[in-house]
Amino acid sequence: MKYASTRGGELVSLDDALMSGIAADGGLFMPQTIPQFPLKAFDDASSLMDVARVLLAPFFADSRLGAELDGILEETLSFPIPLTDLPNPDGRLRLLELFHGPTAAFKDVGAGFLAASLSRLQKPGEKPPTILVATSGDTGGAVAAAFDGREGIRVAVLFPEGRVSERQARQLCCWGANVLSLAVRGTFDDCQALVKKALTDPKLAGRYRFSSANSINIGRLLPQCTYYAHASLSVWRETGRKPGFVVPTGNLGNAMALLLTRAMGLPVGDVVLATNANRVIADYLRDGEWRPRDSVQTLATAMDVGDPSNMERVRCLFGDADKLRHLIRVFPVSDEHIGRQIREHYAETGAAICPHTATARQAWRELDPLERESRDWILVATAHAAKFEDTVEPLIGAGVPLPQALADILERPVSSMSIEPDPAALSRALDGAFGLDGRSRVGR
Ligand SMILES: *Cc1c(COP(=O)(O)O)cnc(C)c1O
């Protein structure tokens, strides 16, 4: 299997696509062909691991990692991803819980896969890659946790100083010597701009082998298909029906994985996207014009995206708005409705959901009642409510118990460095932490 840029250009191997993150022409990597699976291909696959092995094998054909797929998947899927029943009069509503990983959000899956893959691609004696991540919260923590302590790979996490919650800051700044936490004196957009500048600055990029771990990396997309394949197969086997999915959506990474899974022949029914008040995808489906804009701040912060980068993949694979309208539906959800869904869910189940998951619950509510009742639906839960306790706890009037993994992280000592948002400052910070000789100098 070769990989091509969404903007054309030359074909590269999986290994190169994983390592470079973004194509030389600025496009996003896509598999050259979409493998097609008859359902009987999964006859002997019942666990998530089994399904993942069958599903991802074609993507690893011709890769140096082909023989290592089992080991990579064991590291990636090292925590449970349960599909649980939700109380609903006709019992056909389920929750796909993607939040049982090290940092309690679905990004642990993609980050874990990328870390497991990149560390296996590293050859002894080669200059260690430095992964730059700009984050407003969840991505940085997941990537840092996944790469923490991996020899021969360094990570620099850039976050806006003073603009992430106390708990988030701790998750970004508690890692070992190969992870440098940088509090940038600016906004998230400044962090992202700084990463882009560094990646394309010949002087800097020449000294450091930069790579990126944002959701445009194909290594984030592929493993996310595995839980959709497994969940859809379980419902199909149990009921003979294809479940519809409702996915909280920001950059369209998780939703793109679902669409890809359906395109490969897995029994995925309707695809419904839930966004927060950032309406760019909904507006596009309505009038066919793609108008990226500044993001607005909402309670579902990890979905505050005004220019979803994976739209380029969606359009490349499926076409323009006229075609997309038949493939997906999008429901923008207000903060008011997010709050109401968190309260209602708690009242009905005694469990807390995060603000992102709440958008999916609201979108499901907005479906036609007949459609809601006659089909099987899966709400995708993208993070644990305890990550967003400032929002969730006042709404439900109760504390949200921390999952053990998160409690462990919050116990760790923290250290970070504060920098101005300019490439020279970034360069000095990297030199100070990692030196030019490939050895780490960050201490605790
Ligand atoms: C990143 C994130 C999302 C949005 O996922 P995309 O792949 O960017 O659409 C939703 N919920 C949570 C908790 C996230 O961290």
Side-chain angles (χ1 to χ4, degrees), residues 28 95-114 133-146 159 164-165 167-168 171-172 188 192 213-225 227-228 245-261 271-278 280-282 295 298-314 328 330-333 338 341-342 352-363 379-389 391-392 403 406:
L28 277 55
L95 191 69
L96 181 58
E97 300 182 4
L98 303 180
F99 52 72
H100 296 284
T103 69
F106 82 92
K107 293 191 175 80
D108 284 325
V109 175
F113 181 89
L114 199 57
V133 202
T135 187
S136 54
D138 279 354
T139 300
V143 170
F159 64 95
V164 299
S165 74
R167 259 188 206 173
Q168 266 178 334
Q171 290 166 60
L172 295 170
F188 168 65
Q192 210 162 22
N214 286 356
S215 71
I216 50 174
N217 195 309
I218 187 91
R220 298 264 305 263
L221 193 60
L222 296 178
Q224 289 172 183
C225 298
Y227 47 72
Y228 290 126
F245 287 77
V246 192
V247 190
T249 299
N251 236 333
L252 272 164
N254 211 5
M256 177 64 208
L258 176 60
L259 288 168
L260 191 56
T261 307
V271 173
V272 172
L273 310 188
T275 67
N276 56 25
N278 289 280
V280 59
I281 306 169
S295 64
T298 74
L299 292 178
T301 50
M303 291 158 45
D304 290 347
V305 180
D307 185 5
S309 46
N310 276 291
M311 194 63 187
E312 187 158 335
R313 281 199 172 105
V314 173
I328 55 176
V330 184
F331 292 88
V333 175
I338 289 175
Q341 290 301 326
I342 291 174
I353 50 174
C354 86
H356 312 82
T357 307
T359 65
R361 197 174 191 276
Q362 173 65 26
L379 306 183
V380 177
T382 48
H384 195 287
K387 292 195 87 165
F388 304 94
E389 83 286 6
T391 301
V392 175
L406 217 50

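Start at 1 and go down the list; that is how both ligands and their atoms are numbered. By convention here, the first residue in the shown sequence is residue 1.
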> Tell me, which protein residue and heavy-atom name are nearest atom 5 (O) of ligand 1, and how many Å apart are they?
Replying inline: Phe106 CZ, 3.4 Å

> Do any nitrogen or oxygen atoms of His356 lie less than 3.5 angstrom from nitrogen or oxygen atoms of ligand 1?
Replying inline: no

>> I need the atoms of ligand 1 closer than 4.0 Å to a non-hydrogen atom of Met303, numbered in the order shown.
In response: 3 (C), 4 (C), 10 (C)

>> Just to confirm my output: which protein heavy-atom neighbour is closest to atom 6 (P) of ligand 1, and how far is it?
In response: Asn251 N, 3.6 Å

> Considering Asp138, Leu252, Thr301, which one's heavy-atom position lies nearest to atom 13 (C) of ligand 1?
Replying inline: Asp138

> When rounded to the nearest 0.5 angstrom, what is the spacing between CE in Met256 and CD1 in Ile216?
Replying inline: 14.0 Å

>> Between Lys107 and Thr382, is there a side-chain heavy-atom distance shorter than 4.5 Å?
In response: no

> Hey, what do you get for CD1 (Ile328) to CG (Leu258), rounding to the nearest 0.5 Å?
Replying inline: 10.0 Å

> Quick check: does Phe388 get an N/O under 3.5 Å from an N/O on ligand 1?
Replying inline: no

> Between the side chains of Thr359 and Asn276, is a donor N or O closer than 3.5 angstrom to an acceptor N or O?
Replying inline: no

> Can you tell me how far OG1 of Thr135 sits from CD of Gln168, rounded to the nearest 0.5 angstrom?
Replying inline: 7.5 Å

> Side chain, backbone, both or neither: which part of Asn254 has a heavy atom under 4.0 Å from ligand 1?
Replying inline: both

> What atoms of ligand 1 come closer than 4.0 angstrom to any heavy atom of Ala383?
Replying inline: 13 (C)

>> Please compare Lys107, Met256, His384, Gln224 and report which has the shortest non-hydrogen distance to atom 14 (C) of ligand 1.
In response: Lys107

>> Test your reading of the structure: does Gly253 have an N or O sitting under 3.5 Å from an N or O of ligand 1?
In response: yes

>> Heavy-atom pairs closer than 4.0 Å: do any link ligand 1 to the side chain of Lys387, the backbone, both, or neither?
In response: neither

>> Return the OG1 to NE2 distance between Thr275 and His356, rounded to the nearest 0.5 Å.
In response: 12.0 Å

> Are Asn217 and Arg220 close enough, and set up right, to give a side chain to side chain donor-acceptor pair (under 3.5 Å), and what steps lead you there?
Replying inline: CA-CA 6 Å; Asn217 195 309; Arg220 298 264 305 263; over 6 Å; no

> Under 3.5 Å, side chain of Asn278 to main-chain N/O of Asp304, donor-acceptor pair present?
Replying inline: no

> What residue and atom, counting heavy atoms only, is the protein's closest point to atom 12 (C) of ligand 1, and at what distance?
Replying inline: Thr382 OG1, 3.5 Å

> Can you tell me how far CZ of Phe106 sits from CD of Gln224, rounded to the nearest 0.5 angstrom?
Replying inline: 5.0 Å

>> For atom 9 (O) of ligand 1, what's the nearest protein heavy-atom neighbour? Residue, atom name and distance, please.
In response: Gly250 N, 2.8 Å

